[in-house]
J.: 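Can you read through this structure? Questions will come right after.
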2 protein chains.
Amino acid sequence: MKLNYEENSKVIKALAEPNRLQIIDILSCGELCACDILEHFDFTQPTLSHHMKVLMECGIVDCRKEGLWSFYSLNTSKCNKLILFLMNLVTDTEDCICKEKPKHECK
Amino acid sequence: MKLNYEENSKVIKALAEPNRLQIIDILSCGELCACDILEHFDFTQPTLSHHMKVLMECGIVDCRKEGLWSFYSLNTSKCNKLILFLMNLVTDTEDCICKEKPKHECK
DNA sequence: ATTATATATAGATACATATCTATATAAGGA
DNA sequence: TCCTTATATAGATATGTATCTATATATAAT
């Protein structure tokens with residue numbers, strides 16, 4: 001069975017950057033405002049803003065505004081779904097798409 | 001503790017493309033030659049060759065040559081390590097890097 | 001030797017993206 | 001009202017990449 005490669009590749013693309021992986025790690029213990037996240041990095045504030053936008057657009061990070069601050073948090077349900085997708089992807093199953101096309105006996 | 005974001009982002013980057021996710025899925029039941037993989041797609045043979053190179057360079061796919069054929073297979077150890085990394089990443093732990101910088105009390 | 005076949009490489013094009021500086025927005029405090 | 005602060009957006013630049021066509025390589029078959 002064909003899995004949802006398009007949808008999941010969007011989330012994976014958002015994670016395919018070392019700084020954004022670190023941001024996820026930083027958020028893994030609870031929500032933080034942008035300025036606290038920025039403390040961990042050498043890049044500029046607009047660059048962090050860009051990274052947070054990428055993470056939010058794929059749904060893996062949520063945002064809550066309060067006064068001047070933006071509080072970011074991990075969407076743990078989305079995280080779990082991504083990991084489940086990957087586990088399904090690499091596991092051999094009865095209804096795997098590999099069975100949907102002929103394999104000519106190479107050997 | 002800082003995780004290995006650089007190393008893992010390379011693997012994740014290789015997976016951050018829907019066609020390559022499908023290739024991983026196709027390989028999840030065992031090794032296949034390039035021509036059998038190509039059967040599943042509309043793109044050209046050089047494009048598949050490019051995708052396989054990307055997957056091999058990050059170590060998630062291995063290749064075995066036999067005569068005219070290249071047999072590709074999933075590196076399941078690498079797959080497991082990636083999934084373990086992601087599970088660690090999104091889990092709150094005692095020694096998370098989020099504790100390594102001050103959090104100014106926003107609220 | 002010549003031909004056919006499976007795969008890889010080279011080079012081009014079009015598009016995406018990580019970063020920066022400069023500026024805008026929007027909320028609070030003096 | 002004016003200034004400060006936190007964050008977002010705009011625009012530019014440099015780099016990366018997914019795809020193609022054309023060609024090379026390497027093995028097998030006739």
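Heavy-atom basis, side chains included; hydrogens, waters and symmetry copies ignored. In what follows, every chain begins at residue 1, and chains take the letters A, B, ... in the order their sequences are listed.
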J.: When you compare the side chain of A/M56 with that of A/Y72, does any pair of heavy atoms fall below 4.5 Å?
T.: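 They are in side-chain contact.
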
J.: Quick one: does B/E39's side chain get under 4.5 Å of A/P102's, heavy atoms only?
T.: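 Answer yes - side chains close enough.
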
J.: Among the candidates D/dA18, C/dT7, D/dT7, find the nucleotide nearest to the side-chain atoms of B/R20.
T.: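 For the B/R20 side chain, the nearest candidate turns out to be D/dA18.
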
J.: Which whole-number value in Å describes the distance from A/F41 CZ to C/dC20 C1'?
T.: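 About 17 Å, once rounded to whole Å.
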
J.: Quick one, A/K2 and B/Q22 - any side-chain contact, counting heavy atoms below 4.5 Å?
T.: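 The answer is yes, as the side chains (C-beta and beyond) meet within the 4.5 Å cut-off.
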
J.: Return the nearest nucleotide to the side chain of A/N19; candidates are C/dT7, C/dT19, D/dA6.
T.: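 Nearest nucleotide to the side chain: C/dT19.
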
J.: Do A/I26 and A/F41 have side-chain heavy atoms sitting under 4.5 Å apart?
T.: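 When only atoms from C-beta onward are counted, A/F41 and A/I26 do touch, with a gap below 4.5 Å.
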
J.: When you measure from the side chain of B/E17, which nucleotide among C/dT19, D/dT19, D/dA6 comes out closest?
T.: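 Among C/dT19, D/dT19, D/dA6, the one nearest the side chain of B/E17 is D/dT19.
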
J.: Rounded to whole angstrom units, what separation is found between the CH2 atom of A/W69 and the P atom of D/dT5?
T.: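 Result: 11 Å.
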
J.: Rounded to whole angstroms, how far apart are CD1 on A/I12 and P on C/dT17?
T.: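 My rounded result for the distance is 15 Å.
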
J.: Within this structure, what is the NZ-to-P distance between B/K13 and D/dT15, rounded to whole angstrom?
T.: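 From B/K13 NZ to D/dT15 P: 15 Å.
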
J.: Keeping to residues at least two apart or across chains, list the salt bridge (Lys or Arg N to Asp or Glu O under 4.0 Å) pairs with something in residues 68-93 of chain A.
T.: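 For residues 68-93 of chain A, and leaving out neighbouring residues, the salt bridge (Lys or Arg N to Asp or Glu O under 4.0 Å) pairs sorted by first residue read A/E7-A/K78.
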
J.: Establish, with yes or no, whether the OP1 or OP2 oxygen of C/dT7 is under 4.0 angstrom from a side-chain nitrogen or oxygen of B/K53.
T.: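 Answer no for this pair, as no side-chain N or O of B/K53 is under 4.0 Å from OP1 or OP2.
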
J.: Would you please say whether a donor-acceptor pair under 3.5 Å links the side chains of A/D25 and B/Y5?
T.: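 The criterion, which ignores hydrogens and geometry beyond distance, is satisfied for B/Y5 and A/D25.
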
J.: Is A/S70 close enough to D/dA6 that one of its side-chain N or O atoms is under 4.0 Å from OP1 or OP2 there?
T.: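 It does not, given that no N or O in the side chain of A/S70 lies less than 4.0 Å from OP1 or OP2 of D/dA6.
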
J.: Please state whether the phosphate of C/dA8, meaning OP1 or OP2, lies under 4.0 angstrom from any side-chain nitrogen or oxygen of B/Y72.
T.: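 Answer yes for this pair, as a side-chain N or O of B/Y72 is under 4.0 Å from OP1 or OP2.
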
J.: I need the NZ-P distance between B/K10 and D/dT17, as an integer number of Å.
T.: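 It is 12 Å, rounded to the nearest whole Å.
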
J.: Without decimals, in angstroms, what is the distance between A/L55 CG and C/dA18 P?
T.: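 The distance from CG of A/L55 to P of C/dA18 comes to 10 Å, rounded to the nearest Å.
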
J.: Taking NE2 from B/H51 and P from D/dC20, how many angstroms apart are they, rounded to a whole number?
T.: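 Rounded to the whole Å, the gap is 8 Å.
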
J.: Under a 3.5 Å distance rule, please check whether B/T47 uses its side chain to pair with a backbone N or O of B/F43 as donor and acceptor.
T.: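 Checked: no pair found.
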
J.: Would you kindly give the CD-to-C1' distance between A/E66 and C/dG28, to the nearest whole Å?
T.: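 Atom CD in A/E66 sits about 13 Å away from atom C1' in C/dG28.
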
J.: At a heavy-atom distance below 4.0 Å, what parts of residues 42-49 of chain A sit against DNA chain C?
T.: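 Hits under 4.0 Å, by residue number: A/F43, A/T44, A/P46, A/T47.
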
J.: Please figure out whether A/V54 or A/G67 has its closest DNA chain C nucleotide nearer the 5' end.
T.: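 It is A/V54 whose nearest nucleotide is closer to the 5' end.
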
J.: Measuring to OP1 and OP2 of D/dA10, would you say a side-chain N or O of A/H50 lies under 4.0 angstrom away?
T.: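 No, no such contact exists.
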
